[in-house]
Amino acid sequence: MEEIQDMKTTFILTFICMALILFNAALWAADSSVTNSPGKAEAAGESLTELNKELTNPISSLWSISFQQNNYMLDMGPSHDYHWNSNLIFQPVLPVSLTEDWNLITRPVVTLFNSAPHSNPHNPSEIDRTTAFGDTILLELLSPSPKVAGNWLFGLGPTFIFPTASSDYTGQGKWQVGPAGLVGYLSEKWILGALVQNWTSFAGSGSRSDANQMNLQPIAAYFLRDGWSIGYSGNVLANWKADGGDVWTVPVGLQVGKVFKFGKLPVRIGLGAQYMVHHPDIGGQKWNIQLNVTPVIPKLIKGNLLGD
């Protein structure tokens with residue numbers, strides 16, 4: 001009963017988020033229908049597409065906050081049914097200009113809740129569920145500005161995982177650090193690149209296993225008119241401490257995105273689906289349905305921090 005109640009809570013949160021998106025999208029569509037000038041409508045569509053390009057670019061100059069809802073179907077092993085793992089993560093992107101040539105991109109990832117199925121410690125044949133706060137990631141990227149790199153996208157810096165989870169089942173219990181790097185190219189119609197992070201544990205709970213893991217985020221999207229885009233969805237994961245075939249999680253996925261304007265507020269909404277062509281045998285991700293809602297926020301730190 002407790003598992004059913006927790007799953008109801010996570011799906012209710014997801015449903016409320018989707019309902020709000022659909023309701024506001026309907027309002028936006030009704031408002032946009034009163035635009036009679038073709039020139040203004042075309043200019044607005046181009047503006048939305050440019051915003052979509054900026055929000056897809058991981059080192060753009062825009063400040064934004066993203067709410068990402070993931071709904072994973074987990075393979076719990078041959079003697080168990082599939083179980084859902086839902087989480088809601090909060091991802092601000094906060095770039096600041098150090099000089100005219102260099103920017104610092106701060107990208108925290110906060111797991112607001114993680115609803116994770118797991119074996120009952122007293123009866124391993126049963127599956128329990130825990131819903132709690134998760135670990136927090138902090139990524140810092142030093143990146144050359146477009147004045148230096150042109151259409152190329154480069155970034156390099158440290159990445160951290162802090163053991164902020166409120167349960168052993170929703171986090172790893174380890175302080176972790178490692179390198180991160182980004183390379184990509186942004187053209188008029190498409191973006192292609194990859195952001196890779198690797199963490200190794202150096203402190204934390206002595207009762208928890210050491211960690212050494214990688215997250216590779218392919219970035220690929222094609223930009224259409226009126227703020228629409230279509231692209232790849234999913235992150236390639238590697239657990240270097242796992243045995244043999246349990247190291248890799250490799251997804252194949254697709255996401256459709258659209259930038260709307262609610263009044264003067266631009267918001268990018270993306271819906272994606274992923275199928276893992278390879279995953280760990282027990283507890284591995286099999287499917288994921290992902291919803292992203294990303295509003296642009298005012299940039300609070302303007303100008304160059306280290307001089308004119």
Side-chain angles (χ1 to χ4, degrees), residues 2-3 5-7 9-11 13-14 65-77 83-92 106-122 124 126-140 158-180 195-217 234-243 246-249 251 274 276 279-286 288 290 292:
E2 183 177 352
E3 178 183 351
Q5 185 62 41
D6 284 336
M7 286 305 301
T9 301
T10 58
F11 282 117
L13 289 172
T14 304
I65 54 175
S66 178
F67 294 90
Q68 183 182 104
Q69 172 76 44
N70 293 289
N71 297 284
Y72 297 104
M73 180 179 286
L74 302 187
D75 186 347
M76 303 302 293
H83 286 260
W84 287 100
N85 170 209
S86 295
N87 63 52
L88 178 64
I89 56 181
F90 173 60
Q91 304 179 85
T106 300
R107 295 170 59 97
V109 179
V110 182
T111 306
L112 299 180
F113 76 80
N114 184 12
S115 181
H118 56 85
S119 297
N120 185 321
H122 304 293
E126 295 182 357
I127 300 296
D128 283 347
R129 176 174 298 278
T130 297
T131 301
F133 199 74
D135 287 343
T136 298
I137 299 172
L138 177 63
L139 169 63
E140 299 284 353
T159 180
F160 308 89
I161 294 181
F162 307 123
T164 55
S166 55
S167 168
D168 286 349
Y169 298 110
T170 58
Q172 295 178 297
K174 290 290 186 179
W175 296 84
Q176 303 175 53
V177 66
L195 171 63
V196 61
Q197 303 177 75
N198 198 96
W199 302 276
T200 302
S201 61
F202 63 92
S205 173
S207 62
R208 308 296 300 276
S209 299
D210 291 338
N212 185 0
Q213 58 191 325
M214 182 199 71
N215 184 313
L216 171 63
Q217 178 185 349
N235 289 29
V236 178
L237 309 178
N239 177 7
W240 306 120
K241 293 287 187 179
D243 296 327
D246 287 342
V247 171
W248 293 97
T249 298
Q274 303 148 20
M276 305 349 173
H279 63 82
D281 291 335
I282 298 178
Q285 302 167 3
K286 187 69 174 178
N288 183 28
Q290 185 181 87
N292 288 279

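Heavy atoms only: backbone and side chains are in, while hydrogens, waters and symmetry mates are out.
Thr130 and Ser167 share no donor-acceptor pair across their side chains, judged by distance under 3.5 Å alone. A donor-acceptor contact closer than 3.5 angstrom is absent between the side chains of Asn85 and Asn70. No side-chain donor-acceptor contact under 3.5 Å links Gln176 and Ser201. The closest side-chain donor-acceptor pair between Asn239 and Gln213, if any, does not fall under 3.5 angstrom.
Using modelled atom types, one side-chain atom of Asp135 and one backbone atom of Gln172 make a donor-acceptor pair closer than 3.5 Å. Listed for the Asp281 side chain is no donor-acceptor partner under 3.5 Å among the backbone atoms of Asp246. Put simply, the side chain of Ser166 gets close to the backbone of Phe133: a donor and an acceptor are under 3.5 Å apart. Without hydrogens or angle criteria, Thr164 side chain to Gly134 main chain gives a donor-acceptor distance under 3.5 Å.
Here the straight-line distance linking atom CG of Leu88 with atom OG of Ser115 works out to 12.0 Å at 0.5 Å rounding. Rounding to the nearest 0.5 Å gives a distance of 8.0 Å between CG of Asn114 and OG1 of Thr131. Interatomic distance, Asn288 CG to Thr249 OG1, rounded to the nearest 0.5 Å: 11.5 Å. Atom OH of residue Tyr169 and atom CG of residue Asp128 lie 7.5 Å apart, to the nearest 0.5 angstrom. Between atom CG of residue Asn212 and atom NZ of residue Lys241 there is a gap of 6.0 Å, rounded to the nearest 0.5 Å. The CH2 atom of Trp84 sits 13.0 Å away from the NZ atom of Lys286 when rounded to the nearest 0.5 Å.
When ring centroids are compared, Phe67 and Phe90 come within the 6.0 Å threshold.
The nearest pair of heavy atoms linking Ala116 to Thr170 is CB-CG2, 4.5 Å. Residues Phe113 and Gln69 come closest through the heavy atom pair CZ-OE1, 4.0 Å.
Ring pair Phe162/Trp175 is perpendicular by interplanar angle, where above 60° counts as perpendicular and below 30° as parallel.
Checking each of Asn215, Val109, Thr106, Thr159 against Leu139 for a side chain to side chain contact (heavy atoms under 4.5 Å, CB included) leaves exactly one that passes, namely Thr159.
The side-chain heavy atoms of Trp248 and Met276, taken from C-beta on, include no pair separated by under 4.5 Å. Using a 4.5 Å heavy-atom threshold, the side chains of Ile161 and Lys174 count as separate.
With sequence neighbours excluded, the residues satisfying salt bridge (charged side-chain N to carboxylate O under 4.0 Å, His left out) with Asp168 are Arg208.
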